[in-house]
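Below is one structure, written out as structure tokens, with a few remarks after it.
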Amino acid sequence: MLKPRTALTHVDTLTASLKERLPHHRTDSLRCVAEVILGILQAESTLHRKIALHIDRQATTESITRMVGRVFHDAGLSQQDVQDILLPLLPPGKLTLVMDRTNWKLGQRSCNLLVLGVLIGNIVLPLAWTELDHSGNSHTSARMMLVGKLLKRLPAKRWAVLIADREFIGREWFAFLKWKGIRRCIRIREDTAVDEDEYVRDCFTSLQPGQLQTLFERAWVYGSWMHVVATLSPQGERIVVASDLSVWDTLATYRQRWGIETTFSAMKTRGLNLEQTHMTAPERVGKLFGLLCIALAWMMRVGEEVEAEQPTRLKKHGRPAKSRTRRGYEVLSRAVRWASESFQTLLELLNTPFSAPEADKTQPVRY
């Protein structure tokens, strides 16, 4: 049976676009990558057999499934390849970076990824990641290596600040960021010692819901002089953040950390279903994550364009009915599925930098 010409055109067009960014790769390998990316967008799954059902080839489903597996084994893109595609999309000027970790389980096996990305609007676009070979928190050395790798492609002068949660603390880690010239905005634990002789939990005992408190002067935190600011979350949890920013900017900046939770949601259960994969080998999971980053960037970019043309309807509680990324996914998936003539226009957006829109003020405040 003959293949539809329009479906072939979509794969060929995406392959040609990838070839422009990655001229050192063989065209046939990039074609396989293009087929898998389009398959993921249609299947909304990372299961090989489900992706295979959306790849149009003169072959059996089993053969196509094996091809999908080869993309994640030896024919996929490296992290540097993914960066070659994503870095040109970044808006000019200073960028807010966010670090966090995502993990899931397949049976008794744990998959654990340390991720570093740039905040664009209300979502973080991952730029670098490390596959951890253990469960639980990351080690300081892994964080330092991850930041060091990204600094080779994105110099420190482009980093406005690095935001991280209370997992990412420690004297060596704080000293490393200061040495690299990276401003920090990091939540600290309540048992953290400030000025060597007092604990954070004893500094903010009178804190009331909705109130902001700070120490009058910079405090000595993990070997650095930093502002320490505290508030109570709507749930009554004490949030204490140490930063190199001004007192007034510290909490507003830290709230933007929620963007990486939105990213993980879009890449996992509420989006592309990363945790559905049956792969557990770190290097294969890393290659899958790289392709999902490309798909996510494309969804974000399309969503930004759709939002500019037709703003999202707000619900009664004042929040959007759909996120920009979800709207981008729906438009993109529909164009691929039904061989729309708009595909070429949508693909051009993957080569056009983000306009760095402000964070959506209708989103709820989260920590």
Side-chain angles (χ1 to χ4, degrees), residues 1-86 267 271-274 276-279 281 283-302 328-351:
M1 187 170 67
L2 295 176
K3 299 178 182 179
R5 183 176 179 82
T6 49
L8 270 176
T9 301
H10 285 359
V11 175
D12 290 339
T13 304
L14 179 55
T15 302
S17 178
L18 294 174
K19 185 67 175 178
E20 289 180 7
R21 294 287 179 87
L22 309 171
H24 54 285
H25 276 273
R26 291 172 45 178
T27 302
D28 57 342
S29 295
L30 291 179
R31 182 179 180 81
C32 291
V33 170
E35 288 177 313
V36 170
I37 291 176
L38 296 181
I40 290 173
L41 285 170
Q42 293 175 83
E44 204 168 2
S45 173
T46 53
L47 284 175
H48 294 184
R49 58 181 175 82
K50 288 190 176 182
I51 297 172
L53 294 176
H54 297 274
I55 295 178
D56 187 18
R57 282 193 172 200
Q58 294 277 6
T60 64
T61 302
E62 290 76 15
S63 177
I64 299 174
T65 301
R66 288 194 294 271
M67 181 277 291
V68 174
R70 287 195 297 272
V71 168
F72 303 124
H73 182 249
D74 55 9
L77 303 183
S78 69
Q79 189 166 151
Q80 183 172 339
D81 293 331
V82 175
Q83 289 174 352
D84 287 339
I85 296 171
L86 299 184
M267 299 181 84
L272 300 175
N273 288 298
L274 168 62
Q276 277 189 359
T277 180
H278 287 176
M279 298 186 296
E283 66 279 3
R284 297 188 186 186
V285 173
K287 287 188 176 182
L288 169 61
F289 190 78
L291 292 193
L292 294 187
C293 289
I294 295 173
L296 178 67
W298 200 359
M299 291 156 52
M300 291 168 61
R301 188 64 189 85
V302 172
Y329 166 77
E330 292 178 354
V331 170
L332 190 53
S333 179
R334 192 162 54 244
V336 174
R337 190 183 304 270
W338 303 112
S340 170
E341 295 180 357
S342 66
F343 181 82
Q344 178 65 48
T345 302
L346 297 178
L347 181 57
E348 291 173 359
L349 294 177
L350 190 56
N351 298 314

Task: Heavy-atom side-chain contact between Phe289 and Val82 under 4.5 Å - done: no

Practice item. Answer yes or no: is there a side-chain heavy-atom contact under 4.5 Å between Leu41 and Met299? Key: yes

Only residue of Arg284, Arg66, Glu283 satisfying side chain to side chain donor-acceptor pair (under 3.5 Å) with His73 is Arg284

Walk me through whether Val11 and Asp56 qualify under side-chain contact (heavy atoms from CB on, under 4.5 Å).
CA-CA 10 Å; Val11 175; Asp56 187 18; over 6 Å; no

task: Side-chain contact test, heavy atoms from C-beta onward, threshold under 4.5 Å: evaluate it for His48 versus Met279 and give yes or no.
output: yes

Between the NZ atom in Lys19 and the NE2 atom in His24, the distance rounded to the nearest 0.5 Å is 9.0 Å

Between Gln42 and Ser333, the two heavy atoms sitting closest are CA-OG, 4.1 Å

Whether the side chain of Thr46 engages the backbone of Thr277 through a donor-acceptor N/O pair (distance < 3.5 Å, no angle test) should be reported. yes

Of all heavy-atom pairs linking Cys32 and Val71, the shortest is CB-CG2, 3.8 Å

- Find out whether Leu38 and Phe343 are in side-chain contact, i.e. whether some heavy atom of one side chain is under 4.5 Å from a heavy atom of the other. yes

key: Heavy-atom check, side chain of Val336 versus side chain of His54, under 4.5 Å   = no

Heavy-atom nearest pair, Leu346 first then Trp298, reads O-NE1, 2.9 Å

CZ of Arg57 to CD of Glu35, rounded to nearest 0.5 Å, is 4.0 Å

Between the CD1 atom in Ile40 and the CG atom in Leu274, the distance rounded to the nearest 0.5 Å is 9.5 Å

For Arg21 and Asn351, the nearest pair of non-hydrogen atoms, with its separation, is NH2-OD1, 3.2 Å

Closest heavy-atom pair, Glu44 versus Asn273, reported as atoms and distance to 0.1 Å, is O-ND2, 2.9 Å

| query | Does some side-chain heavy atom of His25 sit less than 4.5 Å from a side-chain heavy atom of Val33? | reply | no

Interatomic distance, CD@Gln58 vs OG@Ser63, rounded to 0.5 Å, equals 11.5 Å

Around Arg26, counting heavy atoms of other residues, nucleotides and ligands shown, do more than 12 lie under 6.0 Å from its CZ?
-> no

Could you please spell out the steps behind the side-chain contact (heavy atoms from CB on, under 4.5 Å) verdict for Ile85 and Leu22?
CA-CA 8 Å; Ile85 296 171; Leu22 309 171; 4.0 Å; yes

| query | Does the side chain of Leu288 reach to within under 4.5 Å of the side chain of Val285, using non-hydrogen atoms? | reply | no

Rounded to the nearest 0.5 angstrom, the CG-CD1 distance for Leu292 and Ile37 is 9.5 Å

Here the gap from Arg31 atom CZ to Leu18 atom CG, rounded to the nearest 0.5 Å, amounts to 11.5 Å

Between Thr13 and Leu347, the two heavy atoms sitting closest are CG2-CD2, 3.2 Å

inquiry  = Between Asp81 and Ser78, is there a side-chain donor-acceptor contact under 3.5 Å, judged purely by atom types and distance?
reply    = yes

Quiz item: Would you call Thr345 and Leu349 a side-chain contact if the rule is heavy atoms closer than 4.5 Å?
Solution: no

